[in-house]
Amino acid sequence: MTDRPATRRRRRRWPLPAAVSAALVAATFTVAPSAQAGPAEPASTYEYTPVADALLAENPEITEYEASFLEQYDKIKDPSSGYFREFDGLLVPYHSVETLIVEAPDHGHATTSEAFSYYLWLEATYGRVSGDWQPFNDAWASMEAFIIPGTADQPTNGAYDPSSPATYIPESLDPSDYPMPLDQGVEAGQDPLAAELSSTYGTDEVYGMHWLLDVDNTYGYGFCGDGSDEAPAYINTFQRGSNESVWETVPHPSCETFAHGGDDGTGYLNLFVDDPQASEQWRYTNAPDADARAVQVAYLAHEWASEQGNESAIAENVSNAAMMGDYLRYAMFDKYFKEVGDCVGAQSCPPGTGKDSAHYLMAWYYSWGGALESAQYPWAWRIGGSSAHQGYQNVMAAYALSEVDELRPQSATGADDWGTSLDRQLEFLQWLQSSDGGIAGGATNSWEGTYAQPPADTPTFYGMFYDEKPVWHDPPSNRWFGFQVWDIERVAEYYRISGDERAGDILDSWVPWAIANTTVGEGGDFAVPADMEWSGAPDDWTGEPTGNPDLSVEVVSHNQDVGIAAGLAKTLMHYAAATGDTASQETAEGLLDALLVHQDDLGVAVPETRADYERFDDPFDSPNGGLYVPDGWTGQMPNGDVIDSDSTFASIRSFYEQDEDWPQVQAYLDGGEAPEFTYHRFWAQVDVATALATHGELFGGTAGEGGEGAG
């Protein structure tokens with residue numbers, strides 16, 4: 001219940017950092033002054049001077065592939081390309097240049113914590129090549145200003161009780177079972193991190209990224225759900241279990257003020273949670289993969305800047321990365337801080353005390369929330385994540401946070417926890433490695449999200465249960481080859497740096513399998529794995545890998561995903577640099593050369609057919625499943641789109657009908673051919689750029705000595 005209007009406070013804003021030296025001024029952007037106090041228009045307003053020509057003229061040691069990196073960098077940073085929107089002197093990356101795109105984000109001009117972590121990677125790599133670290137600091141400032149919730153965005157953390165971190169809500173495999181009820185009869189464990197973090201950093205706030213932003217305020221929720229024009233706006237989509245695909249989501253504000261959504265004045269909450277006494281509230285969800293990547297990149301930036309004698313230029317943000325890693329430990333804990341291992345029965349599985357609720361892996365999420373200040377009583381909650389996917393593990397982040405002095409967290413136990421996590425993640429990948437070499441799905445401490453009894457003979461890892469497709473079922477979460485590359489790139493980089501033979505053994509099986517399923521031809525022809533199918537299961541983990549003779553994987557389709565091809569090239573280059581393996585280096589260079597053949601005005605891209613866009617107008621009872629809204633539930637989106645049991649993905653996003661690419665989708669829905677689009681995803685373009693630079697870093701060679709497609 002509420003007793004007064006919510007207090008509106010703008011989130012923390014950060015000034016544009018000071019200009020860099022005159023020698024590197026070409027690398028900076030300047031911002032046109034705003035004509036009004038409100039948010040900037042979506043059109044780019046900043047100025048940018050290309051850097052490639054000047055840096056090439058000043059630095060003859062730059063290699064051909066690094067020159068291609070700089071060309072790609074200029075395209076990405078050019079405001080006319082459309083990768084960024086400027087706010088208050090800082091840049092926010094879009095998910096993609098194109099607006100009509102549906103994948104995890106449901107609109108191209110949304111953005112994710114993933115995109116911010118890639119923005120950091122782009123600027124860290126630029127810092128290595130140029131010696132200019134101001135853009136890296138700008139990127140971190142943007143992340144702090146816009147996707148790490150500030151004080152105004154998480155106002156009641158002081159009411160959090162670590163001895164009672166959250167009320168249990170069971171999950172369901174069927175979105176139509178929602179809203180799910182609160183269950184006060186299930187006891188959560190104790191949160192062992194909160195007091196340590198509060199005393200270390202002098203705040204009850206959480207320093208982590210929320211995963212999703214509406215950069216242009218397309219939905220109209222504004223700041224904290226107030227319906228204003230303020231952008232970017234914190235939003236969320238997925239809320240209803242592992243079978244809720246993006247096509248079945250209802251976008252809603254991260255601040256629930258009851259101003260939008262249900263006609264009965266309950267906002268969107270009662271689509272997800274059955275809580276008749278709910279008050280206005282805020283809540284955020286962290287994607288640990290992105291925060292871990294930010295830490296990984298901060299480590300790389302520190303190493304590169306130190307080699308240049310520039311470590312002081314980024315020391316503050318390297319320290320911030322260590323702090324982010326400290327809070328990222330929430331991803332190591334069971335969702336409700338239950339004991340990890342053989343945790344069956346929501347009531348019978350013991351609540352954890354101390355660190356016995358930690359699995360020390362990177363879970364799919366951690367979340368935190370609380371009451372808005374309008375609530376009658378302040379309250380706050382935090383949860384970890386019970387399920388860990390192989391693709392989210394990051395041994396590089398764990399190594400940096402446990403072994404590198406500048407990145408060791410300030411808390412009393414943070415570095416030790418990350419040391420344990422480094423070992424546990426490597427064991428996890430050893431346990432999940434198939435007889436073919438690919439890495440299988442993951443494990444959970446809460447079967448089906450309810451601490452249910454898993455099927456008999458389900459293999460275990462430290463008492464957690466093997467899950468072929470943890471968390472995400474539509475489509476299956478370990479079907480996509482991209483998760484293989486994202487994870488194993490970190491393993492390969494860690495192996496090159498550390499020489500850890502556990503990582504080397506994983507790579508010795510994975511790399512030949514990946515190369516055997518990759519082809520590189522002439523004239524830009526290439527194909528990398530796309531979809532995989534799994535059979536069998538791993539053996540129980542007893543501390544040593546068995547080779548898993550009963551677990552296998554088959555690559556069932558290939559494509560020309562430029563981001564994954566670039567990530568694969570990076571993985572192979574790290575492995576080649578560590579081992580001298582010529583097949584890896586040659587395959588990587590072949591992929592880089594093939595990618596460069598596909599350059600266009602905006603970057604590197606290949607057309608793709610989107611047959612899944614048939615789901616735009618699928619009703620709930622369609623074969624693939626559609627948007628579920630309970631019978632009798634009615635409401636409105638901020639723009640007036642009706643929400644009821646007849647709604648579809650498209651009907652509550654009518655803005656798509658005004659998109660310049662919509663006619664292609666409409667023709668498909670009317671019975672035509674599946675539409676073809678050429679997308680420029682921000683993360684993929686950065687993966688291409690950083691792969692090019694990685695070649696120069698690891699193998700050198702002066703300009704003119706690259707492969708046939710370079711330059």
Side-chain angles (χ1 to χ4, degrees), residues 62-72 118 121 125 128-129 296 300 396 437-438 481-497 503-504 506-530 555 558-599 603-604 606 683-711:
I62 288 177
T63 72
E64 187 75 12
Y65 285 115
E66 288 172 328
S68 294
F69 159 77
L70 290 170
E71 182 179 359
Q72 178 79 350
Y118 272 99
W121 205 342
T125 304
R128 183 190 72 79
V129 174
Q296 174 191 357
L300 296 174
M396 277 296 299
F481 182 71
F483 279 136
Q484 300 283 316
V485 170
W486 283 356
D487 184 7
I488 301 302
E489 184 275 336
R490 303 156 190 156
V491 175
E493 189 169 48
Y494 169 70
Y495 181 50
R496 178 180 62 79
I497 291 167
I506 293 167
L507 292 161
D508 288 345
S509 294
W510 190 91
V511 167
W513 169 73
I515 291 176
N517 285 281
T518 298
T519 59
V520 181
E522 300 294 328
D525 181 41
F526 74 94
V528 295
V555 176
H558 293 75
N559 65 12
Q560 292 187 311
D561 187 313
V562 299
I564 298 309
L568 176 57
K570 278 193 282 193
T571 306
L572 298 177
M573 285 187 283
H574 287 300
Y575 183 72
T579 64
D581 183 63
T582 56
S584 295
Q585 184 174 344
E586 290 171 357
T587 303
E589 290 172 346
L591 288 169
L592 294 180
D593 294 342
L595 287 168
L596 289 169
V597 172
H598 296 283
Q599 294 181 85
V604 174
V606 175
W683 74 263
Q685 299 303 311
V686 174
D687 246 342
V688 171
T690 52
L692 293 163
T694 296
H695 186 282
E697 176 194 9
L698 299 183
F699 303 112
T702 58
E705 293 183 2
E708 64 181 19

Using atom types as modelled and distance alone, determine if a side-chain donor or acceptor of H598 lies under 3.5 Å from a backbone N or O of G524.
yes
Give me the atom names and distance for the closest heavy-atom approach of S584 to V511.
OG-CG1, 3.4 Å
Taking C-beta and beyond as the side chain, do H695 and L592 meet within less than 4.5 Å on heavy atoms?
yes
Set of ring pair (Phe, Tyr, Trp, His ring centres under 6.0 Å) partners for Y495, sequence neighbours left out:
none
side-chain hydrogen bond (donor to acceptor under 3.5 Å, both in side chains) filter on D508, not counting sequence neighbours, yields Y575
Residues 687-697 vs salt bridge (charged side-chain N to carboxylate O under 4.0 Å, His left out), sequence neighbours excluded, gives K570-D687
Partners passing side-chain hydrogen bond (donor to acceptor under 3.5 Å, both in side chains) against Q585 (at least two apart in sequence or in another chain)
E589
Please check: side-chain N/O of Q72 versus main-chain N/O of F69, any donor-acceptor pairing under 3.5 Å?
no
Between CD1 on residue I564 and CD on residue E489, distance to nearest 0.5 Å:
11.0 Å
Keeping the roles fixed (side chain from R496, backbone from V491), state whether a donor-acceptor pair exists under 3.5 Å.
no
I'd like to check the side-chain hydrogen bond (donor to acceptor under 3.5 Å, both in side chains) partners of W510; sequence neighbours left out, ordered by chain and number.
Q484
Tell me the salt bridge (charged side-chain N to carboxylate O under 4.0 Å, His left out) pairs involving residues 509-518, sequence neighbours left out?
none
Looking only at heavy atoms, what is the nearest atom pair of V604 and Q685, with distance?
O-NE2, 2.7 Å
Does the side chain to side chain contact (heavy atoms under 4.5 Å, CB included) test come out yes or no for E586 and L572, once each step is laid out?
CA-CA 9 Å; E586 290 171 357; L572 298 177; over 6 Å; no
Residue list, side-chain hydrogen bond (donor to acceptor under 3.5 Å, both in side chains) with W683, at least two apart or on another chain:
none
With rounding to the nearest 0.5 angstrom, report the OG1 to CG distance, T587 to D581.
8.5 Å
Exam field: side chain Q296 to backbone R490, donor-acceptor pair closer than 3.5 Å:
no
Test Q599 against E71 for side chain to side chain contact (heavy atoms under 4.5 Å, CB included), laying out the working first.
CA-CA 10 Å; Q599 294 181 85; E71 182 179 359; 3.7 Å; yes
Smallest separation among heavy atoms of A588 and A569, with atom names:
CB-O, 3.6 Å
Sorted by chain and number, sequence neighbours left out, side chain to side chain contact (heavy atoms under 4.5 Å, CB included) with A492 holds for L507, T571, H574
Restricting to non-hydrogen atoms, name the atom on L591 and the atom on A565 that form the minimum distance, rounded to 0.1 Å.
CD1-O, 3.8 Å
What's the shortest heavy-atom distance between V485 and L568, and which atoms?
CG1-N, 3.3 Å
Among residues at least two apart in sequence or on other chains, which ones pass side chain to side chain contact (heavy atoms under 4.5 Å, CB included) with V555?
W513, N517, P529, M532, H558
Any side-chain heavy-atom pair of L70 and L692 under 4.5 Å
no
Could you check whether the rings of W121 and Y118 sit parallel, tilted or perpendicular, using 30° and 60° as the cut-offs?
parallel
